[in-house]
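Position 1 is the first residue of the sequence, and the numbers go up from there. In what follows, every heavy atom counts, from backbone to side chain, and hydrogens, waters and symmetry copies are set aside.
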Amino acid sequence: SGAALCRVCGCLGPRCCGRCRRAAYCGPEHQALDWRRGHRRSCGQHAAGDDSADAIPEHNEFLFPEYEILIEPEEPEFPADSTDDEQGAIDTSKDTKEQEELGAAGIADDALQSLDEETLEAMAKHETEEEKIFRVFKKQVAAEPEQIIRYCRGGERPLWVSGENKPEEKDIPNCVCGAKRIFEFQIMPQLLNHLHIDSLGESIDWGTLVVYTCADNCGEGNEYLEEFIWKQDYSMGCT
């Protein structure tokens, strides 16, 4: 029962083995791969009436472990009676204190003194803004460290890990139907810990994956529709 899924990658499998008619695949590439990896034996066993043919072979380099996803609403980050001005004042006072501590420690050495004041202020502002964005990210995630998806279709903006490589409106292409794509959910880096991606032998990493979907929710039936994903990595300034 249910949709037939590819035995190799787990995606929708409209193609099936012509011999046993039981093994489903997303395409000829994964069908050929599965045949070489052992389906030629299990397919023959099924032909002889052996139920073990239903077993899905262990393709550890493709299939990830399955988990149940629990959905819970998120508590507001700040109390309802707090204002942006109050939050800004707190951040400003903290930045001022940090600058005073750096000055007292003698951070402004000869190399920094050789730079003009405008350049130094620009550098300090950039670093402070980058640290602030990452601090907000860590604070928000700390409420539920195991979260793997943040869902908010058409609502708040994504929770960015960095001020760098953030898309502008022109960077998000419209849907094939012509409608705009809007933010729907983002995939958090904690998911990497659950997938055990080290077994792939390749490096897979991200700060966050932001998914934009059709604002008109076009499409009918059970077909897959192509949407847009924006990958943001951790900034070099994130610690």
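For Ile71, the side-chain contact (heavy atoms from CB on, under 4.5 Å) test picks out no residue, with sequence neighbours left out. With sequence neighbours excluded, the residues forming a side-chain contact (heavy atoms from CB on, under 4.5 Å) with Pro189 are Phe137, Trp206, Tyr234, listed by chain and number. By the salt bridge (Lys or Arg N to Asp or Glu O under 4.0 Å) test, Glu72 is found to be paired with no residue, residues two or more places apart in sequence or in another chain being considered. Listed by chain and number, the residues in a side-chain contact (heavy atoms from CB on, under 4.5 Å) with Arg157 amount to none (sequence neighbours excluded). Residues satisfying the side chain to side chain donor-acceptor pair (under 3.5 Å) criterion with Lys166, sequence neighbours excluded, are absent altogether. Residues satisfying the side chain to side chain donor-acceptor pair (under 3.5 Å) test with Gln147, not counting sequence neighbours, are Arg150.
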Query raised in the report: Does the side-chain contact (heavy atoms from CB on, under 4.5 Å) test come out yes or no for Asp233 and Asp205, once each step is laid out?
Result: CA-CA 8 Å; Asp233 295 320; Asp205 193 16; 5.8 Å; no
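Within the 3.5 Å criterion, the main-chain N or O of His194 finds a donor-acceptor partner in the side chain of Tyr67. Distance alone, capped at 3.5 Å, places no donor-acceptor pair between the Asn165 side chain and the Trp230 backbone.
No single ILVMFWY cluster, assembled from side-chain heavy atoms under 4.5 Å apart, contains both Leu191 and Leu70. Tyr25 and Trp35 are assigned to two separate hydrophobic clusters, defined by single-linkage of ILVMFWY side chains at heavy-atom distances under 4.5 Å. A single hydrophobic cluster is seen to contain both Val161 and Val136, as judged by linkage of ILVMFWY side chains at heavy-atom distances under 4.5 Å, directly or through other members. Ile148 and Ile229 fall within a single hydrophobic cluster, where Ile, Leu, Val, Met, Phe, Trp and Tyr are joined by side-chain heavy atoms under 4.5 Å apart, directly or via other members. Val176 and Phe228 sit in two unconnected hydrophobic clusters of ILVMFWY residues. Membership requires side-chain heavy atoms under 4.5 Å apart, directly or through other members.
Side-chain contact check for Asp34 and Gln31: no donor-acceptor pair (N or O, by modelled atom type) lies under 3.5 Å.
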Counting only pairs under 3.5 Å, give me each side-chain donor-acceptor contact of residues 179-186, with atom names and distances, residues two or more places apart or in other chains.
unit_1: Lys180; atom_1: NZ; unit_2: Glu169; atom_2: OE2; d: 2.8
unit_1: Arg181; atom_1: NE; unit_2: Glu227; atom_2: OE1; d: 2.9
unit_1: Arg181; atom_1: NH1; unit_2: Pro173; atom_2: O; d: 3.0
unit_1: Arg181; atom_1: NH1; unit_2: Asn174; atom_2: O; d: 2.9
unit_1: Arg181; atom_1: NH2; unit_2: Glu226; atom_2: O; d: 3.1
unit_1: Glu184; atom_1: OE1; unit_2: Arg153; atom_2: NH1; d: 3.2
unit_1: Glu184; atom_1: OE1; unit_2: Thr213; atom_2: OG1; d: 2.4
unit_1: Glu184; atom_1: OE2; unit_2: Tyr151; atom_2: OH; d: 3.0
unit_1: Gln186; atom_1: OE1; unit_2: Leu159; atom_2: N; d: 2.7
unit_1: Gln186; atom_1: NE2; unit_2: Leu159; atom_2: O; d: 3.0
unit_1: Gln186; atom_1: NE2; unit_2: Thr208; atom_2: OG1; d: 2.8

